[in-house]
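Below is one structure, written out as structure tokens; the observations come after it.
FYI, the numbering just counts along the sequence from 1. Computation of the quantities below employed the complete heavy-atom set of this structure, encompassing side-chain atoms and omitting hydrogens, waters and symmetry-equivalent molecules. Since we're looking at a predicted model, the values are computed, not measured.
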Amino acid sequence: MSLSTRVTPHLPYIRRYARALTGDQATGDAYVRACLEAVVSGGQALDEAMSPRAALYRVFHVVWESTGARLEARDGGEGAVTASERLLRIAPRSRQAFLLTAVEGFTPVEAAKILGVSFEAVEDLIGEAQADIDAELATDVLIIEDEPVIAADIAGLVRELGHHVTQIASTRIEATEAARLEAPGLVLADIQLADGSSGIDAVRDILSGLDTPVIFITGERPEPTFLITKPFQPETVKAAIGQALFFHPRNRLPV
């Protein structure tokens, strides 16, 4: 397979990553260009033990760190803070681990190889990023779940992250009324509800009047949402909550 064939499909993604990492598309593109030049000239080789995409990201990090790993300090001025600007508030190393796993879709093992650190180190970095996100984006959460034990488990996880549970609804009618009375900043919804009604329909009702992120616990979903299957791992739910809040355009925080 030629070098061009191995690298070209991944360029849009590494440009996206470089922009999010540095805070600026022009700066990010400059690092991507330097990465490609290093590969073409033979100064850096793609690791054959890694997938082509992961190997390209690894070379990017080697080049980026060798040039001082410069990050853009963006001053958003007065007003709202976007997801991109919130990323720049996360410590650089934690930001790398978070972006590689949450945005670029690499596993922690792959991210560790890309960053040249241990798996345990990447797990710690992701945890640090998650803590920063959770602290900044505390919100009101509506839970739509008809199983009392599962609802209690989810509510506990939500509160552990510093969020406030506005109500636990078990039917479509209860959910839409709860959202009408107190607009949630996040909705966690089951699919099949106690009275035979649909959590999907409940969410559609809510989203017709609100712009809020949604995480479904199981089954099909209307976009844009996150999906978690039961039985769920607590850390999976926590990570999904943080990411849903972090990247939703509704969450524009004062500087």
Next item on the list: Step by step, work out the side-chain contact (heavy atoms from CB on, under 4.5 Å) result for Thr212 and Leu142.
Entry: CA-CA 11 Å; Thr212 192; Leu142 170 61; over 6 Å; no
Next item on the list: List in chain and number order the residues that pass side chain to side chain donor-acceptor pair (under 3.5 Å) with Glu104, two or more places apart in sequence or in another chain; answer none if no residue qualifies.
Entry: Arg16, Arg53, Tyr57
Note to self: Holding to side chain to side chain donor-acceptor pair (under 3.5 Å), I want the full list of residues that pass it with Ser208, two or more places apart in sequence or in another chain.
What the structure shows: none
Note to self: Tell me whether Arg93 is salt-bridged to Glu65, with the criterion being a basic N under 4.0 Å from an acidic carboxylate O.
What the structure shows: yes
Checklist line | Over all atoms of both residues, closest heavy-atom pair of Glu128 and Ser94 | finding: OE1-OG, 2.9 Å
Distance-only donor-acceptor hits, side chain of residues 184-194, under 3.5 Å, sequence neighbours excluded:
residue: Asp190; atom: OD1; partner: Lys230; partner atom: NZ; Å: 3.4
residue: Asp190; atom: OD2; partner: Lys230; partner atom: NZ; Å: 3.1

Next item on the list: Identify the two heavy atoms, one from Pro52 and one from Arg6, that lie closest to each other, and give their separation to 0.1 Å.
Entry: CB-O, 3.7 Å
Notebook entry, point to check: Can you list the residues that meet the side-chain contact (heavy atoms from CB on, under 4.5 Å) rule with Val109, with sequence neighbours excluded?
Noted result: Thr107, Lys113, Phe119
Item checked: Ala97 versus Leu125, closest heavy-atom pair with distance -> CB-CB, 3.7 Å
Item checked: Atom of Val63, atom of Ala34 and distance for their closest heavy-atom approach -> CG1-CB, 3.8 Å
Item checked: Sidechain-backbone polar pair: Ser197 side chain, Arg172 backbone, donor-acceptor under 3.5 Å -> yes
Check: Taking the inter-plane angle between the rings of Tyr17 and His61 on a 0 to 90° scale, is it parallel (under 30°), tilted (30 to 60°) or perpendicular (over 60°)?
Finding: tilted
Note to self: Using every non-hydrogen atom in the two residues, find where Ala18 and Val32 come nearest and quote the distance to one decimal.
What the structure shows: CB-CG2, 3.8 Å
Item checked: Over all atoms of both residues, closest heavy-atom pair of Gly162 and Ala138 -> O-CB, 3.6 Å
Note to self: Starting from Ile173, can I reach Ile200 by hopping between I/L/V/M/F/W/Y residues whose side chains sit under 4.5 Å apart?
What the structure shows: no
Next item on the list: Check whether any side-chain N or O of Gln167 sits under 3.5 Å from a backbone N or O of Ala169 as a donor-acceptor pair, and report yes or no.
Entry: no
Next item on the list: Check which hydrophobic residues are tied to Leu181 through side-chain heavy-atom contacts below 4.5 Å, counting indirect links as well, and list them.
Entry: none
Check: Which pairs with one or both residues in residues 155-164 pass side-chain hydrogen bond (donor to acceptor under 3.5 Å, both in side chains), sequence neighbours excluded?
Finding: Asp140-His164, Glu160-Lys238
